[in-house]
Amino acid sequence: MFCAEKRENMTLEQAKTKLSDAGQEHLLRYYDELNEEQKENLLRQIEHLDMELPKMVENGVKEAERGVLAPLGAITLDEIDKKRECYENSGIQAIQECKVGAVLLAGGQGTRLGLDGPKGMLNIGVHKELFLFERLVGNLMEVVEKTGAWIPLFIMTSEKNNDDTVSFFKEKNYFGYDPRYVFFFVQQMAPSVSYEGKFYMEEKGKVSTSPNGNGGWFVSLVKAGLLDQVREFGVEWLNVFAVDNVLQKIADPVFVGAVLENKCVCGAKVVAKADPNERVGVLCLEDGKPSIVEYYEMTDEIIHSRDGEGKLLYNYGVILNYLFQVDTLVEIVEQHLPLHVVEKKIPYINEVGEYVKPEQPNGYKFETLVLDMIHLMDNCLSFEVERDKEFAPIKNATGVDSLESARNLMKKNGISF
Ligand code: UTP
């Protein structure tokens, strides 16, 4: 017979040993001021802390070395145009058979925008209210109207923004989407460290944690029990997309059809680079497998290499809109993605117990990225889209990829806001 046993927390003594072995004793600095529940929570957090993480930054941050790179061509706008009808019909059929779901990555914190709440709650309108979430749901709705089929929408949130996100959708009546097709799930968190590798605390009884990057989306979806839901619907393909690109097409039938017709296990929407040095991740081959390589990981020679007709060989940047085959995702779910160390502004409790909100980056977060999943795939269809029609991300407060640039592009596309 199965006996449920109450699992004991790590004791204070055990926590002290674990922390002093790693030079992290400061996490217990305020222990005596905490109530019983806070003490228990802190000990639980310490028990699960990965002491290997600070070691990643001890001697400065090094990104993993890249393998041998080779170009990967995209199906271009012209080629897509020639086969548009065939691709679109195939995509529409898959959507009508409920084989396509959408996954909105909305667990990020939008630090560059200085946001406290969910980024999707940003009002991007001028003459009327238009929230990012609303705009994205509206984009998806266009496909629902075209195909006459609801597309299951899975929304990844984080512990920090889940409640606000869920209540916002409820309050706004899901922006007209059918709530029976909307599912929320919460992503995992990871601790943050100072430049010296000391874990930060966000409260006197709480180690500072933040969302662990968008790479864990499928693991989190499975942990939340939603794979059963995916299977129940008969969804075979998941279109993963970011919260901040106001122009993107979601569950785009032409894109879905192109991936299906080309018998690929995944696809990535890409744009031709604005100039060779543009700071985008480029979809290419690495050691013979598809891979997304960041601009700073490429040599000048690679960045500027051209084919016989003078076209850039590494020309296609990703826009965080991917289509993955569910069966393949299930096969790779146990595989580890590389851990990236990212400099961020991390609010913390200082040595005298005050809460500090830094103006400048003051440490590191640890993240896995969805783009690294591409390297786990046997193939990936690189699918070109028109930048001015499908790529208007809001990342920064001003300038490139900002609310201002996104509004200009919305105007250009005849969107009223
Ligand atoms: P970004 O790379 O722009 O990160 O996310 P961010 O956290 O939103 O913003 P900054 O860097 O702190 O300013 C790309 C997409 O991945 C999602 C974001 O919500 C966005 O849709 N994301 C990012 C997650 O879902 N979880 C994460 O942990 C990080």
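Note that the coordinates shown come from a computational prediction; the quantities given were computed from them, not determined experimentally. Remember, it's 1-based here, ligands and their atoms both numbered in the order they're listed.
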* Which bit of Gln109 gets closer than 4.0 Å to ligand 1, counting heavy atoms only: side chain, backbone, both or neither? -> backbone
* Structure fact -> In short, side chain to side chain donor-acceptor pair (under 3.5 Å) pairs touching residues 101-110 with sequence neighbours left out are Gln109-Lys365
* To do: Please say whether the positively charged group of Lys249, taken as NZ for Lys or CZ for Arg, lies over the ring of Phe255, i.e. under 6.0 angstrom from the six-membered ring centre and within 45 degrees of the axis.
  => no
Using a plain distance cutoff, I'd like to know if [X] has any nitrogen or oxygen under 3.5 Å from a nitrogen or oxygen of ligand 1.
{"X": "Val243", "result": "yes"}
{"X": "Leu105", "result": "yes"}
{"X": "Leu320", "result": "no"}
{"X": "Gly213", "result": "yes"}

Give the residue and atom name of whichever protein heavy atom lies nearest to [atom], and the separation in Å to one decimal.
{"atom": "atom 23 (C) of ligand 1", "value": "Gly108 CA, 3.6 Å"}
{"atom": "atom 10 (P) of ligand 1", "value": "Thr111 OG1, 3.4 Å"}
{"atom": "atom 16 (O) of ligand 1", "value": "Asn214 ND2, 3.0 Å"}
{"atom": "atom 25 (O) of ligand 1", "value": "Gly107 N, 2.8 Å"}
{"atom": "atom 6 (P) of ligand 1", "value": "Gly110 N, 3.8 Å"}
{"atom": "atom 3 (O) of ligand 1", "value": "Lys395 NZ, 2.8 Å"}
{"atom": "atom 11 (O) of ligand 1", "value": "Arg112 NH2, 3.0 Å"}

* Asked: Considering Glu367, Lys344, Gln187, which one's heavy-atom position lies nearest to atom 26 (N) of ligand 1?
  -> Gln187
